[in-house]
2 protein chains.
Amino acid sequence: MVNDQKIKVAVDAIVFGYKNSALYVLLVQQKYGPMKGKWVLPGGLVQTDESLSEAVRRELKEEAGIQVNYLEQLYTFGDDIHRDPRGRVISVAYFALADPAKFSLQADTDAEDAQWFDMDSMPAAGYDHAVIITAAHDRLRNKLSYQPIGFDLLDKEFLFSELENLYCTILGSEIDRRNFRKKIMSYGIVDETNKTASVGSGRPGKLFRFNTRKYQSLQKVGFHFEINLRK
Amino acid sequence: MVNDQKIKVAVDAIVFGYKNSALYVLLVQQKYGPMKGKWVLPGGLVQTDESLSEAVRRELKEEAGIQVNYLEQLYTFGDDIHRDPRGRVISVAYFALADPAKFSLQADTDAEDAQWFDMDSMPAAGYDHAVIITAAHDRLRNKLSYQPIGFDLLDKEFLFSELENLYCTILGSEIDRRNFRKKIMSYGIVDETNKTASVGSGRPGKLFRFNTRKYQSLQKVGFHFEINLRK
DNA sequence: TCAAAAGTGTTGAGTTTACACCCATGC
DNA sequence: GCATGGGTGTAAACTCAACACTTTTGA
């Protein structure tokens, strides 16, 4: 094993949030370095004695003061050897979903500012982060249709219409409200509460809750979630 | 950006091969280092000026003299900070499928020997490579049912029975030959040749060929391959 | 002529899609 | 009382799963 390798290891997080029928991504404004002033994904170099996922959580806390609901490794970007102007840096990118209740942010170390950006009006991101965001966006759309992760983007208790909107917005397709509700309810992983909530005008709707326990126990039995919105 | 990071970046490849109704994985025997004599996945440290995927291909050539048919990034293992006894090393693992025609191997640099091992009788692999192999095996089974990658494990021209066997073996389930053939043929991505081949005894079968062009053009139109073998 | 593998259709069950009207509330 | 969103069932189309016998070859 020759020891002359000069590669740095970074992590970056793509955190999605959902609010008012729009999808948001968390970006931070660089305080120092070659990307000073630019908006980039929260992230940074991994410390020698911390795990990759610890590094992501630490950076998210430091740079944006946020805790996420769901976190999984997305992809390791290291094929473009010039992706970072400071030298060879590979980045292990993580895909995350944030609790919409914790939508308040606060920048700290390394970051000038932290903000949610509507996916439909993103600033030009620094480094190759636009590419990473695209990959994460693809993963989100994909995952939404075969894993019940939409619930991690909603409040603990939600209206069915919010879930419908989430699917329509992110998958960019129409929905048949009756069939959609039938399908979701058929899995038995969403419980009806006896509370209701109204959203401005119109008849108030029942609040629902995702049943994590039931989902996990069904998963062990080999259960397959799938939502296909064609058209 | 503090510069005291002491993390090495390695790549490892899990190369699957298929022959005589059995699934094989490529391992190499370490020539040097703490795992001397142990069987491990082909791989090694990434050079500062090469991309990750170049590194994988280079290591595969150096350590086993093999070229693969299909290569994709699997996962980056870096949560266990003691996974390598020599210090902090993260490994970007790649999932690969080998052309069965190129089943001959030759060890070279760093590797004492290179061999195919039947998945049903694997030696205890060094480092955390057993974990990596399990992850790759899961990916293979998963991918087989929603992406036509089985063909990369077969010869260019193959018998339908070989494809059937491949699916049965890897997914570990029974198959209905009629329904299976109907399903595969319905996608129109497999062409019949006018050659036949016989496998020992019995009636000879037609040879088929995977139509890569057609598959790619269908993909653009948004086409969905899926093979579900229940039971 | 026997053993071994190849090839081939139909039917019933289950799932998915399409579709429209009444209900509860706030203004 | 009207505008707004919430809630609900059924029939037709389609897809999937089950199932068994005939054909071709080599020994």
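Computation of the quantities below employed the complete heavy-atom set of this structure, encompassing side-chain atoms and omitting hydrogens, waters and symmetry-equivalent molecules. Every chain is numbered from 1 and lettered A, B, ... according to where its sequence line falls, protein lines coming before strand lines.
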With a 3.5 Å cut-off and no angle check, do the side chains of [X] and [Y] form a donor-acceptor pair?
{"X": "A/Asn194", "Y": "A/Glu192", "result": "no"}
{"X": "A/Glu226", "Y": "A/Asn228", "result": "yes"}
{"X": "B/Thr76", "Y": "A/Thr76", "result": "yes"}

Task: Residues in salt bridge (charged side-chain N to carboxylate O under 4.0 Å, His left out) contact with B/Lys195, at least two apart in sequence or another chain - done: B/Glu157
TODO: Hey, can you tell me if B/Tyr70 and B/Phe95 have their rings parallel, tilted or perpendicular (30° and 60° cut-offs)?
DONE: perpendicular
Open item on the list: Please verify the inter-ring angle class for A/Phe160 with A/Phe208; under 30° counts as parallel, over 60° as perpendicular, anything in between as tilted.
Closed with: perpendicular
TODO: Respond yes when some side-chain nitrogen or oxygen of A/Arg181 is under 4.0 Å from OP1 or OP2 of D/dT8, and no when none is.
DONE: yes
Nearest whole angstrom, please: distance from the [atom2] of [N] to the [atom1] of [X].
{"X": "B/Lys183", "N": "C/dG7", "atom1": "NZ", "atom2": "P", "result": "20 Å"}
{"X": "B/Asn228", "N": "C/dG14", "atom1": "CG", "atom2": "P", "result": "18 Å"}
{"X": "A/Arg177", "N": "C/dT16", "atom1": "CZ", "atom2": "P", "result": "20 Å"}
{"X": "A/Asp176", "N": "D/dT8", "atom1": "CG", "atom2": "P", "result": "14 Å"}
{"X": "A/Ile184", "N": "D/dT8", "atom1": "CD1", "atom2": "C1'", "result": "17 Å"}
{"X": "A/His224", "N": "C/dG14", "atom1": "NE2", "atom2": "P", "result": "19 Å"}
{"X": "B/Ile175", "N": "D/dC19", "atom1": "CD1", "atom2": "P", "result": "16 Å"}

For residues 145-156 of chain B, which side-chain N or O atoms pair as donor and acceptor with protein atoms under 3.5 Å away, sequence neighbours left out?
residue: B/Ser145; atom: OG; partner: B/Asn142; partner atom: O; Å: 2.8

Task: B/Glu54 side chain to B/Ser51 backbone, donor-acceptor under 3.5 Å - done: yes
- [ ] State which residues pass side-chain contact (heavy atoms from CB on, under 4.5 Å) with B/Ala93; sequence neighbours excluded, sorted by chain then number.
- [x] B/Ile14, B/Leu74, B/Phe77, B/Ile132
- [ ] Would you please indicate if the ring centroids of B/Tyr24 and B/Tyr18 are separated by under 6.0 Å?
- [x] no
Task: Proximity of A/Phe223 and A/Tyr187 rings by center, below 6.0 Å - done: yes
Open item on the list: Short of 4.0 Å, heavy atom to strand atom, which residues of residues 150-171 of chain B count as contacting DNA chain C?
Closed with: B/Ser161
TODO: For the side chain of B/Arg178, starting at C-beta, report the closest nucleotide among D/dC19, C/dG7, D/dT8.
DONE: D/dC19
TODO: For DNA chain D, determine which residues of residues 188-209 of chain B have any heavy atom closer than 4.0 angstrom to one of its atoms, and list them numerically.
DONE: B/Gly202, B/Arg203, B/Pro204
Between N or O atoms, less than 3.5 Å apart, protein on one side and nucleotides 10-15 of chain D on the other: list the pairs.
residue: D/dT10; atom: O4; partner: A/Lys182; partner atom: NZ; Å: 3.0

